[in-house]
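Here's the structure we're looking at; comments come further down.
We count ligands from 1, going down the list as the structure has it; atoms in each ligand are counted the same way.
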Amino acid sequence: MTHTVTLIPGDGIGPGITEAVLHVLDMAEVPIEWDRQLAGLAALDAGQDLLPQPTLDSIERNRIALKGPLTTPIGAGFRSINVALRKHFDLFANVRPARTVVPGGRYDEIDLVIVRENTEGLYAGIEHYIGMQNDPRAGAESVMLITRFGSERIVRHAFEYAVEHGRKKVTLVHKANILKCTQGLFLDVGREVARDYQGTIEFEERIVDATAMALVLDPYQFDVIVTENMFGDILSDLAAGLVGGLGFAPGANLGEDTAIFEAIHGSAPDIADQNIANPCGLLLAACLMLDHLGLPDSGRRIWDALRRTVVEAKVVTPDLGGTASTHEFAAAIAANLG
Ligand code: NAD
């Protein structure tokens, strides 16, 4: 069966790393037909909106997309195109696995997953200035929005992910000791959901600051972490740092019936058009996508080839200490496909 996937190459280094990823996927003979669409600066250059309607229609049709990084031009009226996409398709779960690719780093064989709520919390962006006397910006206030609905669906998503992927434990991370209402609600709902999985998946709860320290001291005690938006943002970058940085960090934005896969890094304007960007983040995102499409064997094969190439360290891009171009790196990965 051939799957149709919306492909958004993005801008900056996006088109270069996308071509590299397509080369590896072609060589691995994955049964995918690409529906190419524009967004971001590439769309503006083509005389379209930052987030053109045909791109939204394509994702609506295919329900799955692989996306390169998108620059958000300053003053474009968008807080972020990525946020706009998440909102449009109600992609409430941001799933970021942190898995060691290169052995010999600070920690070997890390394999944990952070499931971050993507729509609520402080990042809902409900904020305003408070004017006092002659100063219109004397203060500022931001609202941490937490709902029973949003908490229930993200914690359930984490447990379902754990069941589907043979994981053993879900850790709910919160700050309910201080934020009694918002974080307290998140924790209470999480405990209720956890009861449905008693005997199948272990459940534990931890406070966010202690979790940050525990992740650095002994990351092996974690399996699946579920948390609200901002804590998830911070902890998932921390976890990416444990496995070698953002270059090896893929992410999935998941809704009830739509999924968008992407690298975590941005469009890297400082090295755009130099053909030296590392394609691994987007390639790992493609591996997550293959898993989601029910093609885990293809995903594993590509993951193994990527790891072999990076460990050999002969043909890698400058960020990994090599001299290879983006395309040469991808060709080396493709040559290592078992
Ligand atoms: P960035 O991730 O683009 O770059 C940070 C640093 O990492 C730069 O020095 C860059 O050269 C390097 N880098 C990033 N990806 C690399 C790769 N694949 N290979 C080698 N080096 C790489 O972050 P930024 O500079 O803060 O953001 C640039 C633009 O990207 C902004 O407009 C931002 O809004 C956007 N952005 C988009 C996404 C997304 O589309 N998901 C995510 C983050 C940032």
Taking it one step at a time, do Q221 and R206 satisfy side chain to side chain contact (heavy atoms under 4.5 Å, CB included)? CA-CA 12 Å; Q221 58 190 300; R206 290 197 188 221; 2.7 Å; yes
Where at least one partner belongs to residues 235-287, residue pairs that pass ring-ring contact (aromatic ring centres under 6.0 Å, His included), sequence neighbours excluded: F261-H292
For E141 and H128, test the side chains for any donor-to-acceptor distance below 3.5 angstrom and give the result as yes or no. yes
Residue pair E109 / T100, side-chain donor-acceptor N/O under 3.5 Å: no
Steps toward salt bridge (charged side-chain N to carboxylate O under 4.0 Å, His left out) verdict (D188, R148): CA-CA 9 Å; D188 282 349; R148 179 176 293 282; over 6 Å; no
May I have every N or O pair linking ligand 1 to the protein at under 3.5 Å, one per line with atom names and distance?
| unit_1 | atom_1 | unit_2 | atom_2 | d |
| --- | --- | --- | --- | --- |
| ligand 1 | 2 (O) | G266 | N | 2.7 |
| ligand 1 | 3 (O) | G266 | N | 3.4 |
| ligand 1 | 3 (O) | S267 | N | 3.2 |
| ligand 1 | 3 (O) | A268 | N | 2.7 |
| ligand 1 | 9 (O) | D270 | OD2 | 2.9 |
| ligand 1 | 11 (O) | D270 | OD1 | 2.9 |
| ligand 1 | 11 (O) | D270 | OD2 | 3.0 |
| ligand 1 | 15 (N) | H265 | ND1 | 3.4 |
| ligand 1 | 18 (N) | H265 | NE2 | 3.3 |
| ligand 1 | 18 (N) | N278 | O | 2.9 |
| ligand 1 | 19 (N) | N278 | N | 2.9 |
| ligand 1 | 30 (O) | S267 | N | 3.0 |
| ligand 1 | 30 (O) | S267 | OG | 3.2 |
| ligand 1 | 32 (O) | T72 | N | 3.4 |
| ligand 1 | 40 (O) | K67 | NZ | 3.3 |
| ligand 1 | 40 (O) | L70 | N | 2.9 |
| ligand 1 | 40 (O) | N82 | OD1 | 3.4 |
| ligand 1 | 40 (O) | N82 | ND2 | 3.0 |
| ligand 1 | 41 (N) | E262 | OE1 | 3.2 |

Give the ring-plane orientation class for Y197 versus F159, where under 30° counts as parallel, over 60° as perpendicular and anything between as tilted. parallel
